[in-house]
Amino acid sequence: MDTLIQDRAGLESADQAHQAGTAVLSELGRLDIASEGRDAAAQLPAGYKEALASEGGSAEPVTKDEFLSRVESALEMDREAAAQVAHAAIATAADAVTPGERVSFVNALPSEISALATWS
């Protein structure tokens, strides 16, 4: 996953990609995506698994803009870079799980954020 996130986000190293990817999935894990986040997390490699499976999802709806603001703050980068990293990390996580789990995971995401799960 590190290498794919690195390539997709244009990051300098796999280590930087791992840090960025786990930060994005930690923010995603804070959302109210019920058991789907934990189910998808079970299929991810170490580090990513723990980041996405974090407890304490917010019952409040979160817009894409609010989510990207959280990523921007967590990674201390500008909005454009944060959006690219978020897209790369979420799409890579979605690509890493089985097709059935991918559908459940993407459907559990807030609608504005679910678009980040597809890489084209």
Side-chain angles (χ1 to χ4, degrees):
M1 280 187 58
D2 296 341
T3 303
L4 192 51
I5 291 171
Q6 178 186 357
D7 291 343
R8 288 176 170 180
L11 299 172
E12 294 180 15
S13 69
D15 190 48
Q16 185 183 24
H18 184 81
Q19 290 175 342
T22 56
V24 169
L25 293 187
S26 288
E27 289 301 324
L28 199 61
R30 294 178 56 201
L31 303 181
D32 185 21
I33 54 175
S35 64
E36 296 310 328
R38 289 186 300 280
D39 292 346
Q43 296 182 23
L44 298 177
Y48 292 102
K49 177 184 301 196
E50 294 80 9
L52 184 57
S54 61
E55 297 291 330
S58 170
E60 296 179 30
V62 175
T63 65
K64 180 180 176 183
D65 189 56
E66 291 168 323
F67 177 74
L68 291 177
S69 289
R70 292 177 184 182
V71 171
E72 185 178 355
S73 178
L75 295 175
E76 299 179 351
M77 55 178 50
D78 65 37
R79 177 55 60 98
E80 186 177 331
Q84 185 68 14
V85 167
H87 186 193
I90 295 170
T92 300
D95 290 346
V97 299
T98 61
E101 188 54 49
R102 182 184 202 291
V103 170
S104 297
F105 172 64
V106 172
N107 287 340
L109 296 173
S111 61
E112 291 184 342
I113 297 172
S114 67
L116 297 174
T118 302
W119 192 267
S120 47

### Query
Do Leu52 and Leu4 belong to the same hydrophobic cluster, where Ile, Leu, Val, Met, Phe, Trp and Tyr are linked whenever their side-chain heavy atoms lie under 4.5 Å apart, directly or via other members?
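No: no chain of side-chain contacts under 4.5 Å links Leu52 to Leu4.
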
Determine whether [X] and [Y] make a side-chain contact, defined as any pair of heavy atoms from C-beta on separated by less than 4.5 Å.
X      : Y      : answer
Arg8   : Asp95  : yes
Leu116 : Lys64  : yes
Asp39  : Phe105 : no
Arg70  : Leu31  : yes
Gln43  : Glu101 : yes
Ile113 : Leu28  : yes
Leu25  : Leu44  : yes
Leu68  : Glu27  : no

Give the minimum heavy-atom separation between [X] and [Y], together with the two atoms involved.
X     : Y      : value
Met1  : Pro45  : SD-CD, 3.4 Å
Gly21 : Ala89  : CA-CB, 3.9 Å
Ala94 : Ala117 : CB-O, 3.8 Å
Ala41 : Lys49  : O-CG, 3.1 Å
Ala20 : Val85  : CB-CG1, 3.6 Å

Short side-chain to backbone donor-acceptor contact, [X] and [Y], under 3.5 Å:
X     : Y     : value
Ser73 : Ser69 : no
Gln19 : Gln16 : no
Gln84 : Gly10 : no
Glu50 : Gly47 : yes

#### Entry: Atom pair CG (Leu109) and CZ (Phe67), whose distance is rounded to the nearest 0.5 Å
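Leu109 atom CG to Phe67 atom CZ measures 8.5 Å (nearest 0.5 Å).
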
### Task
Hey, could you give me the OG/CZ distance between Ser104 and Arg102, rounded to the nearest 0.5 Å?
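Reported value, rounded in 0.5 Å steps: 11.5 Å.
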
### Query
Parallel, tilted or perpendicular for Tyr48 and His18, by the 30°/60° rule?
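Because their plane-to-plane angle is over 60°, the rings of Tyr48 and His18 count as perpendicular.
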
